[in-house]
> 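Got a structure for you, questions after.
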Amino acid sequence: MTATTTGPTTTTGPATTTGPATTTGMEPTVVPTTTTGTEILTMAKALTLGLAAAMQSDDKVILMGEDIGPLGGVFRVTEGLQKQFGAHRVIDTPLAESGIVGTAIGLAMRGYRPVVEIQFDGFIFPGFDQITTQLAKLTARHEGTLQLPIVIRVPYGGHIGAVEHHQESPEAYFAHTPGLRLVSPATPHDAYWMIQQAIASTDPVMFFEPKSRYWPKGEVDYGSAGAELHTSRIVRAGTDVTVVGHGAMVSMLLDAAELAAEEGTSLEVVDLRSLSPIDYAPLLESVRKTGRLVVAQEAPGSVSIGSEIAATVTEKAFYSLEAPVLRVSGYDTPFPPAKLEGIYLPDVDRILHAVDRALTY
Amino acid sequence: MTATTTGPTTTTGPATTTGPATTTGMEPTVVPTTTTGTEILTMAKALTLGLAAAMQSDDKVILMGEDIGPLGGVFRVTEGLQKQFGAHRVIDTPLAESGIVGTAIGLAMRGYRPVVEIQFDGFIFPGFDQITTQLAKLTARHEGTLQLPIVIRVPYGGHIGAVEHHQESPEAYFAHTPGLRLVSPATPHDAYWMIQQAIASTDPVMFFEPKSRYWPKGEVDYGSAGAELHTSRIVRAGTDVTVVGHGAMVSMLLDAAELAAEEGTSLEVVDLRSLSPIDYAPLLESVRKTGRLVVAQEAPGSVSIGSEIAATVTEKAFYSLEAPVLRVSGYDTPFPPAKLEGIYLPDVDRILHAVDRALTY
Amino acid sequence: MSYTPETLQLLAPDGTRVASDATEAYLPYIDALTEHQLREFYRTMSVIRRFDVEAGNLQRQGQLALWIPSIGQEAAQVGSGFAAKPQDHIFPAYREHAVGHIRGLDVVQIIKMLRGLTHGGWNPAETGNFHLYTLVIGSQSLHATGYAMGVKFDGMVGTGDPDTDTAVLVYFGDGATSQGDVNEAFVFAQSYQTPQVFFLQNNHWAISVPVRVQSRTPLFHRPRGFGIPSVQIDGNDVLMSYAATAASLDAARSGEGPQFIEALTYRIGAHTTSDDPSKYRDEDEFQYWLARDPISRFETYLRGLGEGEAFFTEVADEAEQFASEARARTLALQGPPAESMFAHVYSQQHPVMDAQRQQLADYEASFEGGA
Amino acid sequence: MSYTPETLQLLAPDGTRVASDATEAYLPYIDALTEHQLREFYRTMSVIRRFDVEAGNLQRQGQLALWIPSIGQEAAQVGSGFAAKPQDHIFPAYREHAVGHIRGLDVVQIIKMLRGLTHGGWNPAETGNFHLYTLVIGSQSLHATGYAMGVKFDGMVGTGDPDTDTAVLVYFGDGATSQGDVNEAFVFAQSYQTPQVFFLQNNHWAISVPVRVQSRTPLFHRPRGFGIPSVQIDGNDVLMSYAATAASLDAARSGEGPQFIEALTYRIGAHTTSDDPSKYRDEDEFQYWLARDPISRFETYLRGLGEGEAFFTEVADEAEQFASEARARTLALQGPPAESMFAHVYSQQHPVMDAQRQQLADYEASFEGGA
Ligand SMILES: Cc1ncc(C[n+]2csc(CCOP(=O)(O)OP(=O)(O)O)c2C)c(N)n1
Ligand SMILES: Cc1ncc(C[n+]2csc(CCOP(=O)(O)OP(=O)(O)O)c2C)c(N)n1
Ligand SMILES: [Mg+2]
Ligand SMILES: [Mg+2]
C-alpha cells in the first residue's frame, strides 16, 4: 500500500499551478517511499521516510533549509532525499531564516507545499517576524482565498550536550500566536505519520522534533497512523496522578511512572502530541479521575505551555482538583552551558518530586 | 529638586567611556527637565518629561528609533527632545528594527544607555532575534562583566482604531524570555517615574506604553515616584473579587469596580505595573482575602501573562480560591480589523461578566 | 535633488521628449505604444489622483481611520503597472493604488482596509494577480521572491512563449531598503535567478526620515553589489517608468534573472493622514518636486502630440465620477460581522475558534436576554 | 578558485613576493614590519594551528562537546589580528581563535565554551577588547556597528592622535553575508559613517553550502553597493591580510567611514567536529587549497629572507608546549556550580532567580537528607 496521510487534514489542498514537472523521477530511489507492515526505526529515519512518502504522493511538496541537500541536514533527517527527488525539491538555501520562511510563503502562494527545516531551535528567531506577522496572519488576511500549507520543522530541546542556542524549547512563542498549528511527536511512529499529516494540513504547522529522541528506536506501523494530528493520547493508564508532557518529556514521564509504580503510586501519562490546539478531552477526563496533574516541559516555566495547561485545566476541572496543577520545567534562565543541562532540565527525579508534592495536598 | 530615579535600580551603572561630550548644552531647553510639585499631564507628555529628566541627569542616555527626531515620534513622545539634546542623542535611525536593537546593544557595550522606540507593537518582530538571542542573553553570557542598560519602548494595545499590526499586545513573548524585565505604566504619574527607573536599571527593560492611555490626563507628583519599578499595587480596595491587569486595562478595571459597587459587588483592583518579574505579594494577599481572581489583558489568552498569573496564583493560594482564576482577554485570533476591536478587546461588560462567573462558584 | 548622471528620462519636466544614448534601447517600447495606451496612462493617473483626494476627504470627514496618499507617485505606478502582462504577479507595499486599479482591483477594497473593515480581503486571482497590501515594511519582498522561485520551478521562464513566461513585480519604498528582509530578497533572487523586478519608489521620505539616513549612496547602486542589474529612472516620467519596467520584466521573463529599478519620485502629500510633514520637510524641496509633477508633464506632452481639450475634459469628468462613486460606495459599506474574526484564522476546523465563537455568541446572547 | 582579477596578493602560494599596481599603496605597511613582527606572524600561525589540532584531539577523546577548527584560515586571522591597535575593538564570530590569542585571550576560554562550561564568560576588557564569540550567524555585526557608533559619538575618530582614534573590526563568514543583520549593519555603518572594518573570511563553505548559493557575484562587490569601499585579498597571504587590514583600520580611524575586506581562504578542516565534509566537498578543491596553505607559504618566504632552522625548531617546540599545556589545563577544568545558572541572568537582584535558586537548593538538599 502507499503511505497516504490520514486524518482530518487530508483535504484537496490549495489550487496548484500547472507547468512542467521539475522532478524527472529518473533518479535512483534511495529512500523507500512505499512501505508496509511494521519496522523498528529511529525517529530521524522515520521522519526521512515520512518526508519521502509525502514528496512521492504530491510533487508540490518541496524541502527548504540550510544544509539539507548533500549533507542531509545536520541531523541527517533529509539524508538521501535530494538524490532521490532532485535539487529543485530539496533546496539548500542561503543562510537566512527570514529569507527561508518568507520565500516559503511565496512558494506556497504559488501552489507549493514547502517543508522548511530550521537547523536548531535557537536559530528560528531571525525568521520570527515572517512567521508571526506573515505566515500566521496571511490566511486571515486573505479571508478565505489563501491557504498556506507550510510546515516548519524545528529540531528542539536539550539533552544533547550542545553549545548555546542548540538546546532550546521555543514552543511557547508560537503557541501564543494565533494562526499557527503546533505539534511534536514523541515516538518514531508518530514522527512518521505526523510529519505526513502536517504536510497534508492546509494551515501552517510548526513541527517540533525532539532532538534527544532522534536516535532511540521504536516501532513504526506503516499500516495506520492511529490518530489524527491534533489529538493527545493517554500512553499509560493510572489512577493517582496525571502527568502530561510532549516530545522528549514523554519517555521521561513513562520512566517516572515505572518508578512510581514500584513505590505504589499509579501515574497516568498523557502525550500531548498537539501543542496548538491542545486536545484537552483526554487530559480533563484523566484529571477528573486522578484529581492531580503535573505538567512537564523543557522550556522555561513562565508564560509557557505549562502555564496554559495549568490555567485551563484548573478552569475546566476546578472541582475535581485535589491539588494545584504543578509544573516541572526548565528554570527561567537562558538554557545553561551543557554541563548544567542535567540540572536545568526536568528529569525523572524532579517529575517524581512534583508528583510527591501533588500528593501532599 | 532634580528628577532623579529612585528604587533598587539606582546603581552605579556600567563603566562609561570618557571622551568629548556630544551635547553642548547650548541649545535652548524646550522640554523642562527639572520640575517640582504636581501637575496634570497626559501620559505622552509625562513620558517626554521623564525622558528629558533622564537625559539631563546622565548624558550617556540616548534615544534611538524611527521618526523620533524632528517629528517627535508618531505619538509625539519625543517631541522637542532632539532640539534640546541634539541629533547625536535623539537619533533617527534607518528603518530596520533588528538594526536598531543590535546597534543599541553595541552602544550599551560602549557605555551608552540607549532608549529605543519601536514605532508600533506589531513592528517589534523584525527586532525579535536581537532581543531574544542577544539582548536577553548577553548579560548571562558575560557572567557578570557586562550590563546592558537598554530600554525598549513599545507603544502597544488597541482601542485606537488603527490598521493591522498597530494595535497588538505582544508582552507574552518577552515575559517568556529570561533576561528581560518588563513593565507597563497605567497612569501619567507612573509613566513619568517608571521610564526614569527603567532607564536607571542596569538590565534590559521592555517598556510597554498603553497607546490608548497616551492622551487622558492625570496628576504627576514630581516629588516622589511612590514605588519601586518592579512592584504591583492595589489601586482600589475591595472584598469580593480581585481583578488584576496592566496598562490600559487598569482604568477599565477601575470603571468596572465602580459599576460593580453600584450593584453591591466589591472589587479589589490590582495594577500589575511590572510584568516580569511579577510582584505577587499584593495579589496573593488580595486573593487570600477575596478567594476570587479575574485577570484582564488585551493580548490573546493562550500562553499569556494571564495564563501565568492563573497558574501561579492557583499554585500559591490553592486553598484560598473559591473559584478558578478566570481570564478576560483578546480572543486567540489575530487582532481583527478596527471595526471589530470593541468586540475583540475586553471591556467593562466582559470584565463584569467574568466577575459574575467567578461569583457563581 | 537626487537625480544622478545615470538617471534615465524620456520626458522632461516641461513635457518635452529628451533623448540620450542611455535611453536609446528603451525607445522600441515607446514607439510601440498606441495613442490609446498613451491616453490610458493619462486617464489612469488623473482618475487615481482624483480618487486619492476624495479618499483623503473621506478620512477628514471621519469616514476612514486613515488614508495613504499616492499623489505625486502616479507616473512611477502607472508606467510600471501598465508594463506588466496579465500573467505577471504583483506584490505591492501599501501605496500602489494606481497599480491595483490597473490590474482590476476595486479601489474601494483599499478603502475598506483603511476604514477598519478588513486587513486585506481581496483575492489576487480576481485582481489581476495584484496581491494584498503588506504593512510590515519589506516583508512582501520575500513573498515576491518565493513566488518567483515557484514560477521558475514551474518552468514558466525563458520558454519564449510570450503568454507563458511570467515575471513578478514587487514594490517597496526607500525606507524599506534598510530592512533585512529586502536585502535577503536580493540574496535569494540572485541566488535562484528569479524572474522578478524589484521596483523601488524612492519618494525621498520614510515618514519623517529623509532617504539620506537610509543611504548616503544612490539606492540603485545597492542591487548591483548583489549582482542584480539596476537602473535609476525619473519616476515622474510615465514613459520612462513604462519602458524601464517593460524592459526589465522582459529580461526577467526571458531568464535573465532579477532586475531592479529605482524610480525617483516624491510623496507630495503626507505619509498618511495621521502625519504632519510641516514638522520635517521644507518648502523648497516641496516646490522643486511640485514643478516636476508627473501628470501635468504628461498632459503637456499629449497636447504637444495634438490631443485636444475634449479628451482632457472627458478624463476630468470621469475622474469626478469615479471619485463620487467611490465616496457613495464608501458611505454604504457595512461593518463585518463579529464572528468573521474567527472565520479564517485557520483554513480548517479548529477547536479553539469553535469554542471562542460560541463563547462570544453566548456572551452576546446574555445581553439580548435582557440581563 | 574564486580569485578575481581584483584579488590583492603580496605573497604567492610558492612563497615569493609579488608586486602589482594595486598593491603598491600597501607596501609601506609591509616595509615598516620588523623582523620580530614577521616572526610573530609565523609563530602565532604555527602555535594556533598546533593548538587547533590538539583541541580536535581532545574532542575526539570525549573531552570537548565540539571543536570548531580554524585550520587553513591562520593567515587571514593573524594578519588582520596583528593589524589592530590596542584601543581597537574586535567582534569575532566563533572561529577566530588566532585573533583572540593575539589580543590576549587565554585560548582555554574557548575550550571552556566548547566543553560546555560557559557560553562565553571572558571579559573583553581583559582580553584586549576581543569580545565574546557569537553563535547566531551575523548578530555580532550589528553589535560592532553600534559599538563603532559609540566610538564616533565619543569623538574618538579623526582626531589625528594615534592612541585616541579607535576602530572596530568585525569578523564574519561567507554564509553570514546572506543574513539580514549583516546587511543592516552595512546600512547603519554607512549611514553613521562608523569607524569600522568588516572582515569577511570567505572560506568557501557555510557548513555544507558552497558560497555560490549565497552569491553568484564576488562578495566584495556587495558592500560597494552600500557605498562602503571594499577590497578582495588573498586571505592565505598573511602579509596582504596584515596590510589590507592596517590600511582599512587607518582609514576607519581617521574618519573615512566603514571599510570592507573579503579574505579568500579555505576551511581545511570540517565545519566542526560534528561535521563530515566528505559528504559535500570534492578532493580537487581540497587539494587546490592545500597547495595554498598560509603557513608553509610564509615559512618559505621567511627562509628566503634568511631565517634559519633554529627559529622553526623553536616555534615547533613552543607550539608543542602550548598545545600540551592547553591539554593539561583542559583536563583540569572544573564544572560550574549549579547555582551559577541564576547568577548573571540579571545584573541586579531578581525575585524569580532568588526563588528558583532556593528551590533548586531545597530540592538538592532533599536528596542529601537521604530521601
Ligand atoms: C517593520 C516596520 N517598521 C515600522 C513601520 C512603520 N512605518 C510605516 S510606513 C514607514 C515608512 C516607510 O517608508 P518607505 O519604505 O520609504 O515607504 P513610503 O511610505 O515612503 O512609501 C514606517 C517607518 C512599519 N510599517 N513596519
Ligand atoms: C542564525 C543561524 N542560523 C543557522 C546557524 C547554524 N550554523 C552555524 S555555522 C553555519 C554556517 C556559517 O557559515 P559562514 O558564515 O560561512 O562561517 P564559517 O562557519 O564558514 O566560518 C550555520 C548555518 C546559526 N549558527 N545561526
Ligand atoms: Mg519613501
Ligand atoms: Mg564560511
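Heavy atoms only: backbone and side chains are in, while hydrogens, waters and symmetry mates are out. In what follows, every chain begins at residue 1, and chains take the letters A, B, ... in the order their sequences are listed.
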> Checking heavy atoms, do the side chain of B:A104, its backbone, both or neither come under 4.5 Å from chain D?
neither
> For the residue pair B:G99 and D:E184, what are the closest heavy atoms and their distance?
N-OE1, 2.6 Å
> For B:T103, which of D:Y192, D:F188, D:Y147 qualifies under side chain to side chain contact (heavy atoms under 4.5 Å, CB included)?
D:F188
> Among B:I278, B:D203, B:T145, who wins on heavy-atom pairs under 4.5 Å with chain D?
B:D203
> So which of D:G121, D:G180, D:P351 has the largest heavy-atom pair count under 4.5 angstrom toward chain B?
D:G121
> Starting from the C-alpha separation in whole Å, work towards a yes-or-no answer on side chain to side chain contact (heavy atoms under 4.5 Å, CB included) for B:H88 and D:K152.
CA-CA 10 Å; B:H88 273 110; D:K152 185 153 190 207; 5.7 Å; no
> For D:Q349, is it the side chain, the backbone, both, or neither that has a heavy atom closer than 4.5 Å to a heavy atom of chain B?
backbone
> Look at D:H119, D:M353, D:M341, D:H350 and state which one has the largest set of heavy-atom pairs under 4.5 Å with chain B.
D:H350
> Nearest heavy-atom pair of D:T118 and B:E143: which atoms, and what distance?
OG1-OE2, 2.6 Å
> If we define contacts as heavy-atom pairs under 4.5 Å, which of B:P178, B:A140, B:A136, B:P126 has the most with chain D?
B:A140
> Given heavy-atom pairs under 4.5 angstrom as the criterion, report whether the side chain, backbone, both or neither of D:V151 touches chain B.
both
> Are B:M109 and D:H89 side-chain neighbours, meaning at least one heavy-atom pair lies under 4.5 Å?
no
> Is any side-chain heavy atom of B:R110 closer than 4.5 Å to a side-chain heavy atom of D:M149?
no
> Which heavy-atom pair separates B:T202 from D:S347 by the least distance, and what is that distance?
OG1-OG, 2.6 Å
> Given a strict heavy-atom distance threshold of 4.5 Å, which part of B:D279 is in contact with chain D: side chain, backbone, both, or neither?
neither
> Is B:E285 atom CD crowded by more than 12 heavy atoms from other residues, nucleotides or ligands, each under 6.0 Å away?
no
> Do the non-hydrogen side-chain atoms of D:H143 and B:L138 ever get within less than 4.5 Å of each other?
yes
> What's the spacing between D:D154 CG and B:K60 NZ if we round to 0.5 Å?
4.5 Å
> Where is the tightest heavy-atom contact between D:S139 and B:Q134, given as atom of each residue plus distance?
OG-NE2, 3.5 Å
> Working note: D:Q348 + B:H230, criterion side chain to side chain contact (heavy atoms under 4.5 Å, CB included); need CA distance, chi angles, decisive distance, verdict.
CA-CA 12 Å; D:Q348 296 174 359; B:H230 292 294; over 6 Å; no
> Please report the closest heavy-atom contact between D:L132 and B:R141, naming both atoms and the distance.
CD1-O, 3.4 Å
> Does atom CD of D:Q334 have more than 12 heavy-atom neighbours, drawn from other residues, nucleotides or ligands, at distances under 6.0 Å?
no
> At their closest point, which heavy atom of B:T139 faces which heavy atom of D:Y346, and how far apart are they?
CG2-C, 4.3 Å
> At a heavy-atom separation under 4.5 Å, does B:L146 approach chain D through its side chain, its backbone, both, or neither?
neither
